[in-house]
Structures are given as C-alpha cells and as structure tokens.
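What you are looking at is a predicted structure, and each value in this text was computed from that prediction instead of being measured. Start at 1 and go down the list; that is how both ligands and their atoms are numbered. For the numbers below, each heavy atom of this structure counts, side chains included, while hydrogens, waters and symmetry mates do not.
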Amino acid sequence: MIFSKLFENIDYLSLIGIALIIYVTNYYYKYFTRINPLPGPFPYPFFALNRIEQSEKLLLSSSRNPFIKKHSTKDGKGFHELGILGKGLLFNQELKSWKYNRHFFTQAILSPKFANEAVHLINIIFNELEGYWDKLYLKEGNNKNKMDISTWFNQFTNDMIFVILTGERSYTMAGYFNEISENEKAERPSALIDETVKFVRAIRNLFKGILMFQFVSPFLRHYFPYFKNKSDEVIQSLDFINQRMDSIIKRRRQEIENTPLDKPLSNDLLTTIIIADTPRDLSYNKNDDKEVMRPMTDLEIRGIIFDGIIAGTDTVNIFFSISLLKFFVLNIIFNGFIYYLKQTANTISYIIYYLANNPDVKKKMLNEIDRIFQGDKTRPITESDINNLKYCEAIVKEVSRIFSVVNSLPRCLEKSDEIGGYQWPPETIFRINIDAIHHNKEYWDEPDKFNPDRWLAEDFEPKKNSFIAFGRGLRICAGRKLAMVELVGLIALLFRKYEIDLVNKEAPLKTYSEAVTACTELLVEIKLRN
Ligand code: HEM
C-alpha cells in the first residue's frame, strides 16, 4: 500500500535516476573497498590486459596451470540451464572431465590418418563448390560473374567441417545453389538438402543466441517476452541439434559393430573417437591409465563433436572472409579498417580483402602456387602440397595476427590471485585483448603493416605469447592444425584457378561482431585465370 502510494508520485525518469545512483554507489563501494586500487583516472578505474607479461600467468601451458576457467560460476548458470556446462570442451571448466575430453579430441584430430582424410575431403567439397560456380558464374558468354563470396564460404565451411567431424555429408552449398539458381537445381535429393540446411540453421541460431544465456539474467530470459522468445529459439535449436547428433552417433556405432575387425573404417573424427580405446583402436592396451582411457559414452562424444562444429565453422569461414577482404582493401580504407576492427569482421573473406590491395603479396603467393602445381589446375591437392605452401601459410598467420577473428581470450579466477601486479578476488573474469597484443610495437616490427614475409625471415619466432589468434596455454584452440590445413588448402585451390576481385573496393564492409567478428557480405567478381 505504502509502496504503491510512493510510486504514484514518482515518474519513470526519477526511477531510472534512482537506479543509476544505486548502481554507481554500489560500483564505487566495491571499488574503494577492494584489496588494492586500480590504475586509471577517477572516476574510471580501468585495468586493461593489453600486454603479454600481464597475461603470462593465465596462459601457462603447464598442466599445473590452475587457470582453465573461462566464465564465472554466475555466468555459467545459463549454460547449465542449456545443459552444456561441464560437457565437451568449450563450455567445460571441470578440470577432470575437460582433460578427458581434450585428450580424446586431440588424439583423434592429430592422428596422421585424420589429416589425410581432411585433405581428401577438402578436395571433394571444393569440387562440388566449383560445380555450382561453373553453372552460375563461369559459363561462356555469361556476364553474371559477381557473387557474395562470403555466403559461399559460409556454406562451404559448414559442409566441410560437418563431413570432416562426423563422416556424414551436409548439403548447405546445394541448398544455397537451389536458392539462387534461376533454372537448374542441385543433383541432390531435396529432402536431404532441407534436412541439413535446417541442421546448420539450428547451429547458427545457437551460436548467435548462446551469449544471451551468459549475459542476460534468468529473470529476463524467463519472463520478458523479447528475451523469452529468443531463448526459447536457442533451446529448440539445441534440442534439434542434440537429437540429430544422437542419431548420427547411434548409426555410426551400429556401422562399426557390423564391420569385421579386419575391414577398414572411415577416418572422420567421430569414428576415431568411438573406437578410441576399444579393440579396433591401434593403440588399444598401450596405456594403463584406465580412468583416462575408458571409451567415451554417446553423451560425451556428442559434447566434443558439437564443440568442434561450433568452434570450427564460423572461425574458419570468418577467417577466410577476413583474409580475402584484407588482401583487397586494407590500404584503401585504412580508416574504415580501424572502424571495422572495432565493429566487426570475418577470416577467409579477409584473406581476399588483403590480397587485392597488396599486389606484391598476391604475386608472390601466385608464384608459389604455380610452382607447386606446375600449371595443373585440376589435380587434387595433397598433404605434401599443403606442407610446401609456406608463403600461403605465412599469409594465414599474418592475416590472423593483423585481424584476429576472435577478439579476446576470457579467463576466470578460481581463487584470489595476483594478475598484472594487482590482487583480484575469486571469480574475477579477465579478457585478454588479442588485438592490442598483436599490434604492440614492442613485440612486432611495424605492427600495422600487412607483411607475411615476417613469418619467413630466418630464425623468426614471435615473442612468447605475442601471437594468440588461436589462444594459448592449456585451452589453446584444439582445431588449429585442422584450421591451418583447411585455410592453406582453400587458398591454393582457389587462386591456382580463379582470379577474384572486389566489385567495389571502396564500399564499406558489411560485418558484425559477437563472440567472433564476422563478415556478412563480400561482393567479388570471379573469372578463370589465364
Ligand atoms: C581460423 C580458424 C580458427 C580460429 C582463429 C580459432 C580460434 C580459437 C580460439 C581463440 C580459441 C580459444 C583458445 C583459448 O582460450 O586460449 C579456440 C578454442 C577452440 N577451438 Fe578453435 N579456432 C579455429 C578453428 C577451429 C577448428 C577448425 C576447430 C575444430 C574442428 C576448432 C576447435 C576448437 C575447440 C574445440 C576449442 C576449445 C578448446 C578448449 O577449450 O579446450 N577451432 N579456437
């Protein structure tokens, strides 16, 4: 009664004012009662993890590094609600279970058979992509040679990561072809296309909405219509993904059981993980630690394959977009680029972007590609080609240095600790600023210059922890080798045969930034190289 009377006389503006005063008072109360003061002028105490010595402790590679937590217990509640906390790798901060999952993931992804299979699959998926491009843009007399290459890379990386990780095909390139082709349709059953397009859409929904479960309070998510609808969509997407993954895993187990022991199995990640530490595994019985090496359950397998798909799809696609973009436009729109850095961006498109405005780099890259392939524009690329494409590898590294797809590395303190010369309470979250470290003059000569050659200089080794595009320490990207193989392979396959140029070098870049910085559109002109 008293409360309702009180609120009758207060307008909304005053309520906002009161809320603000409470917030600021609480903020400064916490600031002045903290263990030690932070730098930065009053009223903005500010501590930035911009230097390698500040983050060294958090990024130790030793297995005794206690900093494997990436989000606070409070933030983790939303992930718990989704049922992903403590599973797989990305959202797992229970040391024992994370180590166990990481062991299986790493063992499978680093096996020589897997690398070979990945290269084989890149050839197959790229051939399919070329088939669609031939029909749409490269027919003789066809003047429609402009395309949004970023959307194609999106579909390409979806199909590639999916088959590499699960051994099953997805057909999102076919779906996109059907969407934009006026006359022809892809030679794939439409039910299969629809099913995989739906699956990939669910992954994207989940990827986009997952941060809401970290940063938006449960109250808003459960009762505020806008947030409730969004979070219901995320939950539905996750249920759909889980059902599909479960049926893939069951089917594969069945196939493995039905295959005689002396017959080979496929080398995708899923099969390798299912058979790990079973009589089908070549290293069976070599390890006595039965706790670490017991075979994985379906739920555990689902957790790590799911993470591979989530972590591997957008990053690679983005990386390529970013790289392409960087090649093309960096010098022209440097200011735009800075804006772009702050706002948003994507990796494989960024490679293209850079090449266009760095003709010397492009020329060197083409020389290397032509030397390796000797003018053969159709033979499959091999693992040995990829190992020999050192300049292309340097391009990938330089693009990821100058324009990191992932913006920061989070780490959360389990116990009170000293970081960067200050004492911090438990549950403090740090975000290591990747861009600041990659652009620091103390660690890099001319850090703003796009210079792949720096990686090839004799005895060059980046200063410890100064190159962190794939993270560092115990939680370093588990798929970085695969990412490298994919990106170098894709650059070579693309540029040995096609000439690609931006339609409009001065057009502003279309990007968005969330957990990663992504390119939403990259219009290019494509034609066959002479
Ligand atoms: C250009 C491509 C990629 C980039 C830039 C990238 C970058 C990253 C970064 C920055 C992290 C966090 C590392 C840390 O906190 O220290 C990470 C984690 C991870 N990445 Fe990647 N990644 C890429 C591709 C891939 C691919 C292709 C896969 C798998 C197929 C993958 C799987 C993972 C997994 C599973 C984790 C979690 C590791 C853990 O927490 O133990 N990534 N990645």
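Annotation for ligand 1: atoms under 4.0 Å from non-hydrogen atoms of R475 are 13 (C), 14 (C), 15 (O), 16 (O), 38 (C), 39 (C), 40 (O), 41 (O). In the vicinity of A483, heavy-atom distances shorter than 4.0 Å reach the ligand 1 atoms 2 (C), 24 (C). Less than 4.0 angstrom separates some heavy atom of G471 from each of these atoms of ligand 1: 10 (C), 13 (C), 14 (C), 16 (O). Each of the atoms 36 (C), 37 (C) of ligand 1 lies under 4.0 Å from some heavy atom of L90. Interface atoms of ligand 1 facing R102, defined by a heavy-atom separation under 4.0 Å, are 38 (C), 39 (C), 41 (O). Within the listing of ligand 1, atoms 16 (O) sit less than 4.0 angstrom from a heavy atom of R472. Atoms of ligand 1 lying under 4.0 Å from at least one heavy atom of K70, given by number and element, are 12 (C), 14 (C), 15 (O). Within ligand 1, the atoms closer than 4.0 Å to a non-hydrogen atom of L482 are 30 (C), numbered from 1 in the order shown.
Scored by the side-chain hydrogen bond (donor to acceptor under 3.5 Å, both in side chains) test, R201 finds no partners at all (sequence neighbours excluded). Residues passing the side chain to side chain contact (heavy atoms under 4.5 Å, CB included) test with T272 are A108, sequence neighbours excluded.
Of the options I256, I248, I304, a side chain to side chain contact (heavy atoms under 4.5 Å, CB included) to L270 is made by I248 and by none of the others.
The closest approach between any non-hydrogen atom of A469 and ligand 1 is below 4.0 Å.
Using a 4.0 Å cut-off between heavy atoms, R480 makes no contact with ligand 1 at all. With a heavy-atom cut-off of 4.0 Å, L409 touches ligand 1 through its side chain alone.
Classification of the F91-H71 ring pair by plane angle, with boundaries at 30° and 60°, yields tilted. Below 30°, between 30° and 60°, or above 60°: for Y132 and W152 the angle between ring planes is below 30°, a parallel geometry.
A cation-pi contact links R244 to F199, judged by a cut-off of 6.0 Å to the six-membered ring centre and 45° from its axis.
Checked against a 3.5 angstrom limit, the closest N/O atoms of E486 and ligand 1 fall outside it.
Distance alone, capped at 3.5 Å, is enough to place a donor-acceptor pair between the H438 side chain and the I468 backbone.
Side chains of R252 and T271: a donor-acceptor N/O pair is present below 3.5 angstrom, by distance only.
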